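Here is how names work: the chains are called A, B, and so on, in the same order as the sequence lines, proteins then strands, and each is numbered from 1. Source: prediction; values computed, not measured.
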Number of protein chains: 2
Amino acid sequence: MTRKTEREFLAEYDPADYPAIAVTVDVVALTIREGALHVLLVDRAGHPYLGRRALPGGFVQDETLDAAARRELAEETGLRAGERALDRVHLEQLRTYGDPGRDPRMRVVSVAYLAFAPSLPDPRAGGDAAAAHWVPVAAAGALAFDHDTVLADGLERARSKLEYTPLATAFVQDEFTIAELRAVYAAVWGEDLHAGNFHRKVLSVPGFVEGTGRTAERGAERGGPRPKLYRAGDATLLHPALLRPATEERVR
Amino acid sequence: MTRKTEREFLAEYDPADYPAIAVTVDVVALTIREGALHVLLVDRAGHPYLGRRALPGGFVQDETLDAAARRELAEETGLRAGERALDRVHLEQLRTYGDPGRDPRMRVVSVAYLAFAPSLPDPRAGGDAAAAHWVPVAAAGALAFDHDTVLADGLERARSKLEYTPLATAFVQDEFTIAELRAVYAAVWGEDLHAGNFHRKVLSVPGFVEGTGRTAERGAERGGPRPKLYRAGDATLLHPALLRPATEERVR
DNA sequence: CAAATAGTGTCTTTTAGACAGTATATA
DNA sequence: TATATACTGTCTAAAAGACACTATTTG
């Protein structure tokens, strides 16, 4: 049993005694554009995987992991800290990837984050964001490192969270119609939902959405009544949940 | 744009250019003993937090993160790799904690794991396991580092996973009765469940449990028919799920 | 006007949960 | 024998999902 004081112990402690592992954050940033789910990807400008697409990410600095993820997202999208669009992005930790060999340079442990954003502008030219673009998830394959796995995990998390949380509202603007919300579910789940039942269901879940008393400027493109506008309610969990259909196939 | 080859690039790459961060794994290992949920804790033998209880954990070596977690669990419980009891333990990644200052010695990023185990023997004396014990979660407070938070996150994950996965079977032996399974839910959720409804519900979820055709040696302590024995089925998700009662209160 | 959509009504099926009842063990 | 338990039956309420219908807006 040691008899050192804590002060003595800290003075003698040498970080170099432990193996060097780099820690990075990678961000799976999702948004919906023209009805399709998109992910933010960057073109790698250096080795390894030069020219391949990758999730945006970088080394963790003297900051929390959450802050590192938000900073990377800001840098790649060109949004500035404090900007409203960036503040509205929902960020949550996804999981951590650390297999030896996942990066040929050295041992890198990457903490992946998942971001849900309303439709954002194209990343601004100049700076880090030059090589970033929104890519339809259907066309996002063959990524660098183990990012195919990270993206797949992020998509599954997103699909799942739509079931039991109100996070679909993170993909739409402050005020939205029920049809816009339904389009989020359709894009993320990859299947259409019955409009009438969806409508009633959303309104019946306490705290999911709240009415604004206002109505959209105009109806749908090819006709229809002007829909009411809603904003996100105060629920953090949906009860009862909106379960995906066809769960049977995923069960075994 | 670089013109180096990948070989040249790797040769020049210097890990020391990046901030030194230590990577550890911590394990929230849960089991049920005498009807109460227990967590595996160690008494810290050194600074910082000398004498405080902590989650078992340690530095990641040249191994996957999952392997590091299983190794730490084996070391602290005294179970040896390849031992059947250890192989049966369900391990999954919980989340990663990396706030600057969470360890006063240096920047430490900890990947936390969650383990579900059937009732295990007391950690063996000798070696690292000397200071480890199973502690009722109700009595597990004031842990070292941010381990109170890690434990709380692990408990919430465990409660939640019991709802929609068959993981309750990871807490019981290979063959079990419906009442034993119900005791797992009661211990993890902290509330009793209606025996009759639970029984029918478990049997009605496809792939949750399958009958063995066998019957327990004897009935309950104070009387009752000898219950049938079941083993885990092949479902990976419960559909429909077994939802916790009183969800309303957790919703906002 | 034709077509599309918002929003509501209704019916059926599934599921959750309350409660009761019977048979079978135990001390 | 008294009591606890396994397991099943039955009823009600909640919820999911299919389908139909009206009113409203668009080109």
Side-chain angles (χ1 to χ4, degrees), chain A residues 35 162-164 172 175-183 185-186 189 191-230 235 237-248 251, chain B residues 35 162-164 172 175-183 185-186 189 191-206 208-209 211-230 235 237-248 251:
Chain A
L162 251 54
E163 292 189 301
Y164 57 92
V172 293
E175 296 200 338
F176 52 86
T177 67
I178 302 296
E180 285 166 352
L181 203 59
R182 177 160 48 85
Y185 279 88
W189 285 352
E191 52 192 318
D192 288 331
L193 285 85
H194 186 284
N197 288 341
F198 181 85
H199 193 106
R200 180 157 12 111
K201 170 76 182 172
V202 166
L203 295 185
S204 76
V205 176
F208 190 2
V209 300
E210 58 183 31
T212 61
R214 306 186 335 106
T215 296
E217 291 296 318
R218 42 164 299 151
E221 278 188 35
R222 295 194 285 178
R226 308 210 313 245
K228 294 180 189 164
L229 290 171
Y230 297 84
L237 290 173
L238 302 185
H239 185 77
L242 278 95
L243 298 177
R244 277 178 276 186
T247 309
E248 322 294 337
V251 154
Chain B
L162 252 53
E163 292 189 300
Y164 58 92
V172 293
E175 296 199 339
F176 52 85
T177 68
I178 302 295
E180 285 166 351
L181 203 59
R182 178 161 47 86
Y185 279 88
W189 285 353
E191 51 192 317
D192 288 331
L193 284 85
H194 186 283
N197 289 340
F198 181 85
H199 193 106
R200 187 182 3 196
K201 171 76 181 171
V202 166
L203 295 185
S204 76
V205 176
F208 191 2
V209 300
T212 61
R214 306 186 337 105
T215 296
E217 291 294 318
R218 43 164 301 151
E221 278 188 35
R222 295 193 287 181
R226 308 211 310 245
K228 294 179 188 164
L229 290 171
Y230 297 84
L237 290 173
L238 302 184
H239 186 76
L242 279 94
L243 298 177
R244 279 177 273 186
T247 308
E248 322 294 337
V251 154

Practice prompt. Evaluate the criterion side chain to side chain contact (heavy atoms under 4.5 Å, CB included) for residue pair A:T215 and A:L229; output intermediate values, then yes/no.
Written response: CA-CA 5 Å; A:T215 296; A:L229 290 171; 5.9 Å; no
Item to complete: Using atom types as modelled and distance alone, determine if a side-chain donor or acceptor of A:E163 lies under 3.5 Å from a backbone N or O of A:A241.
Response: no
Item to complete: Report, as yes or no, whether the 6.0 Å neighbourhood of atom CG on B:D192 holds more than 12 heavy atoms from other residues, nucleotides or ligands.
Response: no
Discussion item. Any side-chain N or O of A:R218 below 4.0 angstrom from OP1/OP2 of D:dG27?
Written reply: yes
Worksheet item: Per the atom types in the model, does the base of D:dG9 pair as donor or acceptor with the side chain of B:R200 at under 3.5 Å?
Response: yes
Worksheet item: For the pair made of NE2 in B:H194 and C1' in C:dT15, what is the distance, rounded to whole Å?
Response: 16 Å
Response to the item:
Comparing nearest nucleotides in DNA chain C, the 5'-proximal residue of the pair B:A241, B:P225 is B:A241
Item to complete: Provide, to the nearest angstrom, the distance between the CG atom belonging to A:L243 and the C1' atom belonging to C:dA16.
Response: 14 Å
Fill in: Atom pair distance, as rounded to whole Å: CZ in A:R182 and C1' in C:dT5
9 Å
Worksheet item: When you check the phosphate oxygens OP1 and OP2 of C:dT5, does a side-chain N or O of A:R226 lie under 4.0 Å from one of them?
Response: no
Discussion item. Side chain of B:A179 only, heavy atoms from C-beta on: which candidate in D:dT5, C:dA6, D:dA6 is closest?
Written reply: D:dA6
Worksheet entry | Per A:K228 side chain, nearest of listed nucleotides C:dT24, C:dT8, C:dC19 | C:dT8
Practice prompt. Quickly work out the B:R222 CZ to D:dT1 C1' distance and round it to whole Å.
Written response: 16 Å
Worksheet item: Taking for each residue the nucleotide of DNA chain D with the nearest heavy atom, is it A:G223 or A:N197 whose nucleotide lies nearer the 5' end?
Response: A:N197
Worksheet item: Less than 4.5 Å apart, any side-chain heavy atom of A:F208 and any of A:L242?
Response: yes
Worksheet item: Rounded to the Å, how far apart are A:L229 CG and C:dA6 C1'?
Response: 13 Å
Discussion item. Measure CG/B:L193 against P/C:dA18 and give the value in whole Å, please.
Written reply: 10 Å
Worksheet item: Nearest to the side chain of B:L203 - C:dA6, D:dT8, C:dA4?
Response: D:dT8
Worksheet item: Are B:H199 and D:dA6 close enough that a side-chain N or O sits under 4.0 Å from OP1 or OP2?
Response: no
Discussion item. Measure CG/A:D192 against P/D:dG17 and give the value in whole Å, please.
Written reply: 15 Å
Response to the item:
Regarding the side chain of B:K201, the nearest nucleotide among C:dT5, D:dC7, C:dT15 is C:dT15
Worksheet item: Out of curiosity, A:E175 CD to A:K228 NZ, how far, rounded to the nearest 0.5 Å?
Response: 14.5 Å
Worksheet entry | Separation of atom CD in B:E163 from atom P in C:dA16, rounded to whole Å | 12 Å
